[in-house]
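Everything below concerns the one structure shown next.
The chains referred to below are lettered A, B, ... by the order of the sequence lines, with proteins before strands, and numbering in each begins at 1.
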Amino acid sequence: MAKDILSELNESQRQAVCEIDGPVMVIAGAGSGKTRVLTYRIAYMLERGIAPWNILSLTFTNKAAREMTDRVLKLIGDKRAKAVQMGTFHSVFLRVLRTEAEKIGFTHALTVYDTDDSKALLRNIVKEMNLDPKIYVVNFILNRISAAKSSLMSAEDYAQNSEARAYDKECGKPLISDIFTRYNSRLHSANAMDFDDILYYMNALLRDYPETLFKYQNRFQYILVDEYQDTNFAQYRIIKRLADAHHNICVVGDDAQSIYGFRGADINNILNFKRDYKEAKIVKLEQNYRSTQNIVNAANAVIKNNNKQIPKTVWTENEEGTPITVLSSASESDEAMLVCDSIFEIEHNYHVDLNDIAILYRTNMQSRALEECLIKKHIPYRIYGGTSFYARKEIKDILAYCRLAVNHYDEEALRRVINYPLRGIGETSVERAIACANEQGVRMWDVIENPHFYEIPVNNPTREKFVDFTAKIKSFTAMLQSKDAYELGKHIAFASGIVAALKADPSEKDRADNVEELLDAMKDFSENAEESTFNEETGEVIEHFEPTLDRFLENVALLTDADEKEKDDQSKVRLMTIHAAKGLEFDYVYITGLEENLFPSSLSIGSKRELEEERRLFYVAITRAKKVLTLTHAQTRYRYGSMQFCEPSRFLDELPMSCLKTIAKASAGRGTFARREPKSNPWGERTFQKKSAPTKPQNDLDISAIGRLANNNDLRPGQRIYHLKFGYGTVARIDGSNPNDLKAIVAFDTLGEKVLLLKFAKLIIPKN
DNA sequence: ATGGAGACCTTTTTT
DNA sequence: AGGTCTCCAT
């Protein structure tokens with residue numbers, strides 16, 4: 001068996017698979033068979049007699065984990081494969097944390113706050129502290145807190161960190177540290193963790209409890225980490241601690257595909273591996289099996305423009321393939337039309353399966369225009385991303401009841417459903433209960449459970465409503481052990497009154513259906529529950545498993561919509577962000593919106609580091625394609641409600657001409673704009689307007705005939721300006737402190753006063 | 001308490 | 001532009 005496995009691998013792959021003792025870092029170029037190496041390695045380890053429960057395999061998505069399990073299963077044809085601990089960082093560590101919860105001041109019933117819960121809590125805290133929510137924007141605060149936790153900084157560390165404090169002060173938000181402290185203590189008293197806490201506390205657990213560390217070091221003697229380039233500091237530390245005893249660690253990654261820097265992923269983790277493990281073996285997988293030569297060459301040419309990277313040469317023996325097409329379009333709807341036409345053509349002329357086609361974009365909002373067009377042309381599609389199933393209101397409502405049944409202290413869940421379905425507990429009553437709890441230093445649940453004892457300042461009937469509510473929740477709690485997730489979930493859906501409330505309103509049909517679907521998922525979970533893992537020789541139970549509701553919640557908390565399974569088997573074009581496409585491959589790939597300020601994003605253009613990340617993102621996008629790659633850009637696009645002119649992305653200039661096909665013109669029938677024309681521009685040949693404009697116009701209209709583009713310094717009160725849409729006017733004043741956010745108040749000659757965001761307005765200083 | 005009108009904000013990527 | 005939130009009128 002082992003022999004068979006190895007014969008299917010090339011030399012470097014074989015090395016990556018067989019070096020099972022000691023630290024190994026595999027630098028896996030795009031399409032070089034990374035997943036294959038990981039799965040074969042696990043199979044090989046099992047072949048060599050390593051106990052499956054001693055293997056820990058960490059991935060970033062549940063989907064990747066599941067795929068890995070399936071593939072190992074197929075390879076080994078053995079139930080043992082299921083006993084391998086495979087999962088995402090968050091899911092595996094959450095499980096550990098629930099087991100060890102008491103050590104870190106939580107209980108086994110702990111629940112997980114998703115991003116919405118975290119934001120809701122922060123919103124409440126900002127309100128309670130009487131801060132201006134316009135200054136203390138929850139997104140900003142959460143990002144700060146998340147970044148701190150990801151680098152293992154506690155609220156106390158943060159409070160003492162002068163750098164962080166100075167930064168916050170500079171942003172006009174000096175109280176972030178206090179919010180952080182409060183946020184953490186609220187999470188703690190709710191017996192809840194946010195996403196980042198899972199990593200933070202996991203590290204703390206291993207750091208502070210040597211015997212626990214020892215236990216898991218021996219449990220996980222062989223560690224594999226996928227997508228190592230995307231690990232953050234917290235993940236790095238945890239892995240390091242776990243691997244410290246046996247040094248049997250294998251990390252697989254590609255520095256060129258690091259695209260989560262914004263979330264704290266630290267590319268240095270991969271660059272420093274050799275420093276941490278002196279005896280480490282480095283294996284490079286450089287042969288690409290996925291894509292045509294044209295695609296590989298294009299990807300290489302693009303990534304060459306980045307400075308910091310591990311030297312490697314990705315090459316392929318595949319055929320040269322079709323040249324890469326770049327399509328220019330007049331607008332986003334034109335772009336969508338070009339893409340759809342092309343898909344329609346390959347589907348009908350070449351009988352391409354729609355499942356093999358993907359449309360990728362930088363931001364989720366870009367899906368709209370594409371979606372409209374796909375509908376119009378009756379092309380089936382599926383969009384990944386956007387609001388996930390588990391983020392929907394009705395689903396969150398039911399799950400809130402479930403969470404509350406498991407963990408009475410889950411304050412976000414409590415607030416969410418205490419008056420839904422309506423039971424006459426108004427907002428004022430809730431506020432009074434909370435105030436009452438805060439005054440007496442107990443939790444909200446405590447006071448509403450005993451409203452008379454704690455003397456909540458509400459009338460008696462309301463107190464009784466509180467009691468009734470807690471009684472109902474407690475009746476659910478009582479069934480936690482006796483019923484499986486599906487039985488109890490179903491009971492809760494009905495007994496909570498949610499199903500009745502949804503059924504009462506015919507416009508809520510969709511929501512009712514979604515509840516059905518959630519129950520189906522629970523059923524699936526309960527029926528196909530994984531088995532407990534135990535050591536066959538000693539009979540020792542390694543991992544006990546019951547399909548209870550709290551176990552279901554544990555899974556669900558960390559699911560994303562990418563993990564939702566297909567409902568029908570109809571072939572569909574896939575639409576997703578490039579981030580979501582990481583790790584996937586398609587025969588035909590369309591990368592849309594290749595425009596400056598969109599891809600690369602305007603937020604990244606200022607910083608070299610972030611620009612390089614955008615380039616890696618482009619690299620990832622290109623290398624998703626196996627056979628045919630099409631790139632598109634639009635010359636105008638609606639953004640913030642108004643039309644913007646868009647320059648083609650600088651990334652297009654980085655593609656080697658030898659890989660490109662002549663550029664199709666913008667969609668037929670309509671006129672189009674000329675593109676800017678640097679000498680090196682390979683697809684600027686055909687233009688539909690005169691090619692004059694030797695200046696570097698920011699957009700495609702001939703600005704030079706009117707005047708020149710204004711820069712911020714030009715714009716003083718009294719300055720005459722011209723606006724493409726609004727005509728001539730005079731600047732009244734300039735507003736805003738942040739240079740990125742300056743607004744001009746302009747008195748237009750015919751239209752009166754308007755406020756324009758300078759970032760987007762493209763004002764022109766007229767000649768003379 | 002419910003719903004509608006209007007203000008306001010958004011747009012990076014996500015476990 | 002579109003979605004969400006707020007406030008006001010019912």
**Request:** Mind checking A:Ser91 for me? I need base, sugar-phosphate or nothing, with any heavy atom below 4.0 Å counting as a touch.
**Result:** nothing
**Prompt:** Is A:Asn364 near enough to B:dT13 that one of its side-chain N or O atoms lies under 4.0 angstrom from OP1 or OP2?
**Reply:** yes
**Item:** Gap between atoms OH and C1', on A:Tyr384 and B:dT13 respectively (whole Å)
**Value:** 18 Å
**Request:** For A:Lys608, enumerate each residue passing the side chain to side chain contact (heavy atoms under 4.5 Å, CB included) test, keeping only those at least two apart in sequence or located in another chain.
**Result:** A:Asn307, A:Glu612
**Asked** In whole Å, what is the span from the CG atom of A:Asp132 to the P atom of B:dC9?
**Response** 11 Å
**Request:** Name the first nucleotide and the last nucleotide along DNA chain C (5' to 3') that come under 4.0 Å of a heavy atom in chain A.
**Result:** C:dA1 to C:dG3
**Prompt:** Can you list the residues that meet the ring pair (Phe, Tyr, Trp, His ring centres under 6.0 Å) rule with A:Phe552, with sequence neighbours excluded?
**Reply:** A:Phe525
**Prompt:** Roughly how many Å is it from CZ in A:Arg639 to C1' in B:dT10, rounded to a whole number?
**Reply:** 11 Å
**Fill in**
Residue set satisfying ring pair (Phe, Tyr, Trp, His ring centres under 6.0 Å) with A:Phe599, at least two apart, ordered chain then number -> A:Phe618, A:Phe651
**Listed nucleotide nearest any side-chain atom of A:Ser604, set B:dT14, B:dT11, B:dT12** = B:dT12
**Prompt:** Which of these nucleotides, B:dT15, B:dT2, B:dT11, is closest to any side-chain atom of A:Leu422?
**Reply:** B:dT2
**Prompt:** For the side chain of A:Glu614, counting heavy atoms from C-beta on, which of B:dT12, B:dT15, B:dT11 is nearest?
**Reply:** B:dT12
**C1'-based separation of C:dC5 from B:dT12 [nearest Å]** = 23 Å
**Message:** Under 3.5 Å, is there any donor-acceptor pair linking the side chain of A:Arg263 to the base of B:dT13?
**Reply:** no
**Request:** Quickly work out the A:Asp197 CG to B:dT15 P distance and round it to whole Å.
**Result:** 18 Å
**Asked** Which part of the nucleic acid, if any, lies within reach of A:Phe195 when heavy atoms closer than 4.0 Å are counted: base, sugar-phosphate only, or nothing?
**Response** base
**Request:** On DNA chain B, check which nucleotide each of A:Thr577 and A:Gly426 is closest to and give me the residue with the more 5' one.
**Result:** A:Gly426
**Message:** Run A:Tyr384 and A:Thr577 through side-chain hydrogen bond (donor to acceptor under 3.5 Å, both in side chains) and show every step you take.
**Reply:** CA-CA 8 Å; A:Tyr384 293 75; A:Thr577 64; over 6 Å; no
**Request:** Evaluate side-chain contact (heavy atoms from CB on, under 4.5 Å) for A:Arg616 paired with A:Asp255, printing each intermediate quantity in order.
**Result:** CA-CA 9 Å; A:Arg616 291 193 294 270; A:Asp255 54 308; over 6 Å; no
**Value in whole Å for how far the P atom of B:dT13 lies from CZ of A:Arg616** = 18 Å
**Prompt:** Who are the side chain to side chain donor-acceptor pair (under 3.5 Å) partners of A:Asn306, not counting sequence neighbours?
**Reply:** A:Arg615
**Asked** In this structure, which one of A:His633, A:Gln635, A:Arg650, A:Arg637 forms a side-chain hydrogen bond (donor to acceptor under 3.5 Å, both in side chains) with A:Glu595?
**Response** A:Arg637
**Asked** Please give, in whole Å, the distance from B:dT14 P to A:Gln235 CD?
**Response** 16 Å
**Asked** Taking the six-membered ring for Trp, does A:Phe89 stack with B:dT15 (centroid gap under 5.5 Å, planes within less than 30°)?
**Response** no
**Message:** Measure CG/A:Asn143 against C1'/B:dT14 and give the value in whole Å, please.
**Reply:** 11 Å
**Fill in**
Sorted by position of nearest nucleotide on DNA chain B, 5' first, the leading residue of A:Asn419 and A:Val137 is A:Asn419
**Request:** Grab the CZ-P distance between A:Arg95 and B:dT15 for me, whole Å please.
**Result:** 18 Å
**Asked** Considering residues at least two apart in sequence or located in another chain, which fulfil the side chain to side chain contact (heavy atoms under 4.5 Å, CB included) criterion with A:Ala243?
**Response** A:Ile223, A:Ile249, A:Tyr277
